Amino acid sequence: PAVEYGLEAPFTVEYHDAVASTNELARERAVDGAANVAVLADEQTGGRGRLEREWNSPPGGVWVSIVTRPSIAPAQAPLYTLAAAVATARVAREAGVDARIKWPNDVVIPDGDDGDYRKLAGVLTEMEGETDRIEWLVVGIGVNANLDAGDLPEGATSVREEASDVDRRRFVQRLLEEFDRLREDLERIVPAWRELTLTIGQRVRVDRAAGEVVGEAVDVTDTGALVVETDDERVTVSAGDCEHLRPV
Ligand code: BTX
C-alpha cells in the first residue's frame, strides 16, 4: 500500500515498496486528474526505459515518477526531460560523483577521455494531450543509488560504486526541489543543461528510423533537440527520433 513519505517536497509523495513501474502508476494518477504527485518505489519489477527497453530497478535505487500538468505545447515537453536530467546530475554531484548528461536522457559518469561513460541514471518522459497543449506529463527518473556493481547491467554504475551510499529520502527531496525550480522558468533549462553535458563538442553517431547521422554535436535548440554538423549539412534530431547516440 502507498504511504506518505514524509518529505517537505513541492510534490505529494506516494511511496510503495514494490511496483511494476512507477511511470505506469503515475500515468494512472495523471489520467485520474492528479497534478504535482511523485510516485516512488523501493523496487520496480517491470521498470521501463525508452522504446520498450527494460530498466533494471532492484531495491536500493531511486525510482520515481512525477506527474505534472504544465501549460505548454507538446513541442516543449522535451525540456522537462532535460530538466530532470539536470536535477539528477546536480543532486548526484552533491553526492560526490562526477555526473554529466548524455543527450537526451542519460546521466553518466565519464570514463576516460575518448567519450566513454558509465550510465548512472535515466529519464523517461511520457505525455498525453492535444497538438497545441498537453494535458499531463509524467517524468520518470531512475537513479542507481545504493546498488552493487553485481546488481547492474553491463556499462552501468551506481552512486555507491562511484562514491558512497546516499540517504535516499534526502536524495529524492533534493531531486524534487531542483526539478521544481527548473520547471518554473523553462528558459533556464537549456543553459543549465549545457553546463553539465558531455555530448556537445563530441563526434557522435545517432541512430534514427530515418537513418543514421554522423557528425559533431554542436548544440541543442531551445526545445532540446540536438544539432549535429555532418560533413555537408546541419541536422536537427529530436529526442523522440533518437534510438541510440554514441560517441565515435
Ligand atoms: P533508455 O532506453 O535510455 O535506457 C535503457 C537501457 O539502459 C537498457 O536497454 C539497458 O541497456 C540499460 N539499463 C537498464 N537498466 C539500467 C540501469 N539500472 N542502469 C543503467 N543502465 C540500465 C532510460 O531508458 C530511462 C530509464 C527511466 C527509468 C525510470 S525509473 C522510474 C520510472 N519508471 C519506469 O518504469 N521508468 C522510469
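As the structure is a prediction and not an experimental result, all values here were calculated from the model. Read the numbers this way: they start at 1 and go in the same order the structure lists the ligands and their atoms.
In E54, the CD atom is not crowded: 12 or fewer heavy atoms of neighbouring residues, nucleotides or ligands sit closer than 6.0 Å. Residue E130 qualifies as open at atom CD: its count of foreign heavy atoms under 6.0 Å is 12 or below. Within a 6.0 Å sphere centred on CD of E187, other residues, nucleotides and ligands contribute 12 heavy atoms or fewer.
Ligand 1 places these atoms under 4.0 Å from at least one heavy atom of V123: 25 (C). Ligand 1 places these atoms under 4.0 Å from at least one heavy atom of G47: 35 (O). Within the listing of ligand 1, atoms 31 (C), 32 (C), 33 (N) sit less than 4.0 angstrom from a heavy atom of T22. Applying the 4.0 Å criterion to heavy atoms of Q44 picks out, from ligand 1, the atoms 30 (S), 31 (C), 32 (C), 33 (N), 34 (C), 35 (O). Interface of S21 with ligand 1, defined as ligand atoms under 4.0 Å from a residue heavy atom, comprises 33 (N), 34 (C), 35 (O). Here is the list of ligand 1 atoms found below 4.0 Å of a heavy atom in R48: 26 (C), 27 (C), 28 (C), 34 (C), 35 (O), 36 (N), 37 (C). Residue D106 approaches ligand 1 through these ligand atoms, each under 4.0 Å from one of its heavy atoms: 3 (O).
Contact annotation for R50 and ligand 1: heavy atoms of both the backbone and the side chain come within less than 4.0 Å of the ligand. The backbone of I141, and not its side chain, has at least one atom closer than 4.0 Å to an atom of ligand 1 (non-hydrogen atoms only; backbone = N, CA, C, O). Within the 4.0 Å heavy-atom criterion, neither part of L51 lies near ligand 1.
Under the salt bridge (charged side-chain N to carboxylate O under 4.0 Å, His left out) test applied with R118, the options E154, E161, E162 reduce to a single match, E162. Considering V107, L196, N105 as possible partners of T88, the one that fulfils the side-chain contact (heavy atoms from CB on, under 4.5 Å) test is V107.
In terms of protein heavy-atom proximity, atom 12 (C) of ligand 1 is closest to K119 NZ, 4.2 Å. Of the protein's non-hydrogen atoms, the one nearest atom 20 (C) of ligand 1 is A156 CB, 3.4 Å. Annotation: atom 19 (N) of ligand 1 to nearest protein heavy atom, N144 ND2, 2.8 Å. Regarding atom 21 (N) of ligand 1, its nearest protein heavy-atom neighbour is W55 CZ3, 3.6 Å. Summary of contacts: the protein heavy atom closest to atom 10 (C) of ligand 1 is E54 O, 4.2 Å. Counting only heavy atoms of the protein, atom 29 (C) of ligand 1 lies nearest to G142 N, 3.6 Å. Scanning all protein heavy atoms for the shortest distance to atom 15 (N) of ligand 1 gives N56 N, 2.9 Å. The protein heavy-atom contact nearest to atom 9 (O) of ligand 1 is R53 CD, 3.5 Å.
In this structure the side chain of R100 never reaches within 4.5 angstrom of the side chain of T197, judged on heavy atoms. At least one side-chain heavy atom of L152 sits less than 4.5 Å from a side-chain heavy atom of N144. Residues V64 and F11 have side chains not in contact (no heavy-atom distance under 4.5 Å, counting atoms from C-beta outward). Residues T199 and I101 fail the side-chain proximity criterion, which asks for heavy atoms closer than 4.5 Å. Proximity of W63 to S57: side-chain heavy atoms (C-beta onward) are separated by under 4.5 Å at one or more points.
Remark: distances from the non-hydrogen atoms of S57 to ligand 1 are all 4.0 Å or more. At least one heavy atom of V64 lies less than 4.0 angstrom from ligand 1.
In the hydrophobic cluster analysis, where Ile, Leu, Val, Met, Phe, Trp and Tyr join through side-chain heavy atoms closer than 4.5 angstrom, I134 is grouped together with I66. When the side chains of ILVMFWY residues are joined at heavy-atom separations under 4.5 Å, either directly or via intervening members, V37 and L182 end up in two distinct hydrophobic clusters.
Between the CG atom in D106 and the OG1 atom in T81 there is a gap of 11.0 Å [rounded to 0.5 Å].
Within a 4.0 Å radius of atom 36 (N) of ligand 1, the protein contributes one or more non-hydrogen atoms.
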